[in-house]
S.K.: 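One structure, as structure tokens, below. Some questions next.
What's counted below: heavy atoms across the whole structure, side chains too, no hydrogens, waters or symmetry copies.
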Amino acid sequence: MSQLPSSVHAVVIGAGIHGLSTGWHLGLELERRRRGSGRDVVVLDKTGVGAGASGIACGCVRNLYMTEPLHAILRHSVDVWTYDPVALGFQQVGYVGVDEEQNLPAYERVWKSQNAAGYPSDLYAGEDARRFVRGLWPDFNTSRVGLALHERVSGYAGTRQAVTGLAGKCAQHGVRVLSGVEVTGYDVEGGRARAVLTDRGRISCDVVVWGLGAWTPRHWAMLGKPSQLTCRYPDGSVETKDMWTYWRLLEGEVYYDEPYVTAAGLNPPVLHVETSEPVVDPTSGRPIKDFTYVYFKNGNERMDRPGLQGGTTPVKLGPTAVTDPYGHANDEYQADPWFADYFCAAMGQTMSRFKGCRPQFRERRNGGIGAFTPDNVPVFDWVASNVFMIADSNHGFKMTGAGKLVARLLMGDDVPELKPFALDRYAQGRTFGASGSHSPWV
């Protein structure tokens, strides 16, 4: 077990995507500016690398957000994913979002914003959209297809490979990643955290970064922060909301013996379908849900034989949840029995090749939760004079670029990409509004 330092410049808490990316990039920035090295940074995790959502996510890397300021964050994220795609397990196959034509105005805004941020995408509508998706997947059911957004630089990554790769980048630059160290509190004086208190001792530090995922609310409470916030919206409306809301995630795998490829024989883009078409159980003929919201891609890592991975919208839990044990080890948050029926039926309705795939659903423990912010959009901001919070609202896996930008901010740079996500947006009437999607992530 590595020795805990008594003093260090920066303590990063959480060894998931955000914590590891921040640790790595902060080490890089200290070296580049000759203001120190990675030895001045330590990443702590009470369990280990990728022990939270980062280690069990489906692994999609996409920029399909109606919240336009996020597009610039994802542009930086793709820069990080492609910095060393082999080490990080990144497959740059693209991402295709399919919806009905009535939602074209919203997608036009997304398309324009993505390209303005340097994130190239193409938008197809009407028959052009149907022709585009059939060109990739000839057996695609295009009866509800009215538009298709093709993000050319998106894709997916293996979750365990990604966090292991990021931990390797930290090690290459001298950043210590210490597992089995639980933070129990903070020594705060005058609004400043003088030290991080752990079950293995005290660490004096200059700056603290939270990359805590589902455990963010616990540390928020440690600093005495409020459980509710007043949220003011651009239209003048005001609402009091819980600061944190937990959602239960629904993702899984389906075995598929034939190669899942495009008409050209290539690894297909990640596919995201959201329409008003009910998903019907092909056995009973009864509707499972009155809408379609499904995403899937070729399987990766955790699959023991060829297949696909994907999911649907999460399930809202409320302001409290049990975070330990996490994920598959927690009996309370396993996927509902209907999820497998819904996921397989939605896949079969989308492409004829997947009809009747329900017996091939991989039955295993499948659970995970995330802590969402009041408007379901990330918060990147100081919560004390030297404590910076990365609260990703469970957008985390794809956002490797957040750590890169936070590292620059910690070095004193002006980072305009982070400014829309400050905490003061709630009080100043810049709370982000609902998107109209069935999913809180959009």
S.K.: Among Tyr260, Phe140, Trp137, Phe343, find the one that has a ring-ring contact (aromatic ring centres under 6.0 Å, His included) with Phe354.
M.R.: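 The ring-ring contact (aromatic ring centres under 6.0 Å, His included) with Phe354 is passed solely by Tyr260 among Tyr260, Phe140, Trp137, Phe343.
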
S.K.: Quick check on the 6.0 Å ring-centre criterion: do Trp338 and Phe361 meet it?
M.R.: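 Ring centres of Phe361 and Trp338 not closer than 6.0 Å.
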
S.K.: Mind telling me whether Tyr326 and Trp215 have parallel, tilted or perpendicular rings, with 30° and 60° as the class edges?
M.R.: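 Geometry flag for Tyr326 against Trp215: tilted rings.
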
S.K.: Begin from the C-alpha positions of Leu308 and Met303 and carry the test side chain to side chain contact (heavy atoms under 4.5 Å, CB included) through to its verdict.
M.R.: CA-CA 8 Å; Leu308 292 91; Met303 297 205 68; 5.9 Å; no

S.K.: Test of understanding: with side chain to side chain donor-acceptor pair (under 3.5 Å), list the residues that count as partners of Lys241, not counting sequence neighbours.
M.R.: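 Lys241: side chain to side chain donor-acceptor pair (under 3.5 Å) contacts with Tyr233.
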
S.K.: Does Trp244 have any ring pair (Phe, Tyr, Trp, His ring centres under 6.0 Å) partners at least two apart in sequence or in another chain, and if so, which?
M.R.: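 Trp244 satisfies ring pair (Phe, Tyr, Trp, His ring centres under 6.0 Å) with Trp220 once adjacent residues are dropped.
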
S.K.: Kindly write out the residues that satisfy ring pair (Phe, Tyr, Trp, His ring centres under 6.0 Å) with Tyr255, not counting sequence neighbours, or none if the list is empty.
M.R.: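 Not a single residue meets the ring pair (Phe, Tyr, Trp, His ring centres under 6.0 Å) criterion with Tyr255.
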
S.K.: Any side-chain heavy atom of Lys355 within less than 4.5 Å of one from Asp139?
M.R.: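 With C-beta onward as the side chain, the pair stays apart.
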
S.K.: So which atom in Glu301 and which in Thr159 form the shortest heavy-atom distance, rounded to 0.1 Å?
M.R.: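 Shortest heavy-atom separation between Glu301 and Thr159 comes out as OE1-N, 3.0 Å.
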
S.K.: Look up atom NE2 in His76 and atom OG1 in Thr400, then write down how far apart they are to the nearest 0.5 Å.
M.R.: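 Interatomic distance, His76 NE2 to Thr400 OG1, rounded to 0.5 Å: 11.0 Å.
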
S.K.: Can you see which heavy atom on Pro85 is nearest to which on Thr82, and at what distance?
M.R.: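 Looking at all heavy atoms of both residues, the closest pair is CD-O, 3.3 Å.
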
S.K.: With distance as the sole test, does Asn115 use its side chain to make a donor-acceptor pair with the main-chain N or O of Ser121 at under 3.5 Å?
M.R.: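 Answer holds: yes.
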
S.K.: So do Gln92 and Ser154 actually touch side chain to side chain, heavy atoms under 4.5 Å?
M.R.: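 Sidechains of Gln92 and Ser154: no contact.
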
S.K.: Going by heavy atoms in the side chains, are Trp24 and Val175 under 4.5 Å from each other?
M.R.: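 Side-chain contact under 4.5 Å: no.
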
S.K.: Does a side chain donor of either Asp242 or Ser227 reach within less than 3.5 Å of an acceptor in the other side chain?
M.R.: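 There is no such pair between these side chains.
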
S.K.: Would you say His328's side chain and Gly367's backbone share a donor-acceptor pair under 3.5 angstrom?
M.R.: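 Yes, because the side chain of His328 sits within donor-acceptor range (under 3.5 Å) of the backbone of Gly367.
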
S.K.: Taking only Lys NZ, Arg NE, NH1 and NH2, and the carboxylate oxygens of Asp or Glu, determine whether Arg364 and Glu253 approach each other closer than 4.0 Å.
M.R.: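 Between Glu253 and Arg364 there is a salt bridge, with a charged N closer than 4.0 Å to a carboxylate O.
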
S.K.: Test Leu250 against Thr313 for side chain to side chain contact (heavy atoms under 4.5 Å, CB included), laying out the working first.
M.R.: CA-CA 7 Å; Leu250 295 176; Thr313 57; 5.8 Å; no

S.K.: List for me each residue that meets ring pair (Phe, Tyr, Trp, His ring centres under 6.0 Å) alongside Tyr246, sequence neighbours excluded, and say none if there are none.
M.R.: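 With sequence neighbours excluded, Tyr246 shows a ring pair (Phe, Tyr, Trp, His ring centres under 6.0 Å) to no residue whatsoever.
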
S.K.: Would you say that more than 12 heavy atoms from the other residues, nucleotides or ligands in this model lie under 6.0 Å from the CZ of Arg144, or not?
M.R.: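 Check passes, neighbour count above 12.
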
S.K.: Would you compute the distance between atom OG1 of Thr323 and atom CZ of Arg218 and round it to the nearest 0.5 angstrom?
M.R.: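 That separation rounds to 4.0 Å.
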
S.K.: Is Thr350 reaching over with its side chain to a backbone N or O of Ala346, donor-acceptor style, under 3.5 angstrom?
M.R.: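 A pair under 3.5 Å: yes.
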
S.K.: Check for a donor-acceptor pair, side chain of Tyr95 on one end and backbone N or O of His272 on the other, with a separation under 3.5 Å.
M.R.: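 A pair under 3.5 Å: no.
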
S.K.: To the nearest 0.5 Å, what is the distance between CD on Gln309 and SG on Cys58?
M.R.: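 Output value for this atom pair is 5.0 Å.
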
S.K.: Pairs in or reaching into residues 109-137: which pass salt bridge (charged side-chain N to carboxylate O under 4.0 Å, His left out), with residues at least two apart or in two chains?
M.R.: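 As it turns out, the salt bridge (charged side-chain N to carboxylate O under 4.0 Å, His left out) pairs with a partner in residues 109-137, which skip direct neighbours, are Asp122-Arg152, Glu127-Arg130, Glu127-Arg134, Asp128-Arg131.
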
S.K.: Just verifying a value: how many Å separate Phe296 CZ and Leu271 CG, rounded to the nearest 0.5 Å?
M.R.: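 Reported value, rounded in 0.5 Å steps: 4.5 Å.
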
S.K.: First locate atom NE2 of His71, then atom CG of Leu64, and finally report the distance between them rounded to the nearest 0.5 Å.
M.R.: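 Output value for this atom pair is 7.5 Å.
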
S.K.: Which atoms form the tightest heavy-atom contact between Ala51 and Asp45, and what is the distance?
M.R.: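 It is CB-OD1, 4.3 Å.
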
S.K.: Does some side-chain heavy atom of Thr262 sit less than 4.5 Å from a side-chain heavy atom of Pro269?
M.R.: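 Contact flag for Pro269/Thr262 side chains = yes.
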
S.K.: How far does NZ of Lys169 sit from CG of Leu28, to the nearest 0.5 angstrom?
M.R.: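 Those atoms lie 9.0 Å apart.
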
S.K.: Report the C-alpha separation of Asp331 and Arg365 in whole Å, then their side-chain angles, then the decisive distance to 0.1 Å, and conclude whether the side chain to side chain contact (heavy atoms under 4.5 Å, CB included) test is met.
M.R.: CA-CA 9 Å; Asp331 292 337; Arg365 293 176 66 85; 2.7 Å; yes

S.K.: Grab the two heavy atoms, one from Ala148 and one from Val133, that are nearest each other, plus how far apart they are.
M.R.: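 For Ala148 versus Val133, the nearest heavy atoms are CB-CG1, 4.1 Å.
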
S.K.: Could you tell me whether the side chains of Thr22 and His18 share a donor-acceptor contact shorter than 3.5 Å?
M.R.: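 On atom types as modelled, these side chains do not qualify, holding no pair under 3.5 Å.
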
S.K.: Is it the case that more than 12 heavy atoms not belonging to Glu258 sit under 6.0 Å from its CD atom?
M.R.: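 Atom CD in Glu258 is not crowded, with 12 or fewer foreign heavy atoms closer than 6.0 Å.
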
S.K.: Which heavy-atom pair separates Val80 from Gly401 by the least distance, and what is that distance?
M.R.: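 Val80 and Gly401 have their closest heavy atoms at CG2-CA, 4.1 Å.
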
S.K.: Please test Arg75 against Glu417 for side chain to side chain contact (heavy atoms under 4.5 Å, CB included), starting from the C-alpha separation and ending with a verdict.
M.R.: CA-CA 10 Å; Arg75 181 184 68 77; Glu417 294 94 334; 4.3 Å; yes

S.K.: So Arg302 and Arg362, do their side chains get closer than 4.5 Å, heavy atoms only?
M.R.: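 A side-chain contact exists here, since the closest heavy-atom pair is under 4.5 Å.
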
S.K.: Charged N to carboxylate O under 4.0 angstrom, Glu363 versus Arg358?
M.R.: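 Between Arg358 and Glu363 there is a salt bridge, with a charged N closer than 4.0 Å to a carboxylate O.
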
S.K.: Donor-acceptor check, side chain of Arg160 to backbone of Gly50, threshold 3.5 angstrom: yes or no?
M.R.: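 Yes, because the side chain of Arg160 sits within donor-acceptor range (under 3.5 Å) of the backbone of Gly50.
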
S.K.: Output every pair passing ring pair (Phe, Tyr, Trp, His ring centres under 6.0 Å) with a member in residues 101-130, not counting sequence neighbours, ordered by first then second residue.
M.R.: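 Qualifying pairs: Tyr124-Phe132.
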
S.K.: Quick one: does Gln114's side chain get under 4.5 Å of Leu149's, heavy atoms only?
M.R.: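 In short, these two side chains touch, coming nearer than 4.5 Å.
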
S.K.: Describe, in one word, how the ring planes of His395 and Phe372 are oriented to each other, choosing from parallel (under 30°), tilted (30 to 60°) and perpendicular (over 60°).
M.R.: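 Rings of His395 and Phe372: tilted, as their planes differ by 30° to 60°.
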
S.K.: Could you tell me whether the side chain of Leu70 reaches within less than 4.5 Å of the side chain of Pro378, counting heavy atoms only?
M.R.: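 SC-SC contact between Pro378 and Leu70 confirmed.
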
S.K.: Under 3.5 Å, is there a donor-acceptor pair between the side chain of Asn141 and the main chain of Ser143?
M.R.: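 Side chain of Asn141 to backbone of Ser143, a donor-acceptor pair under 3.5 Å: yes, one is there.
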
S.K.: Run through Asp375, Asp381, Thr431 and flag the one making a side chain to side chain donor-acceptor pair (under 3.5 Å) with Arg425.
M.R.: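 One option only clears the test, and that one is Asp375.
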
S.K.: So which heavy atom on Ser393 is nearest to which on Val377, and how close?
M.R.: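 Result for this residue pair: OG-N, 3.7 Å.
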
S.K.: Between Val279 and Tyr293, is there a side-chain heavy-atom distance shorter than 4.5 Å?
M.R.: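 Tyr293 vs Val279: side chains apart.
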
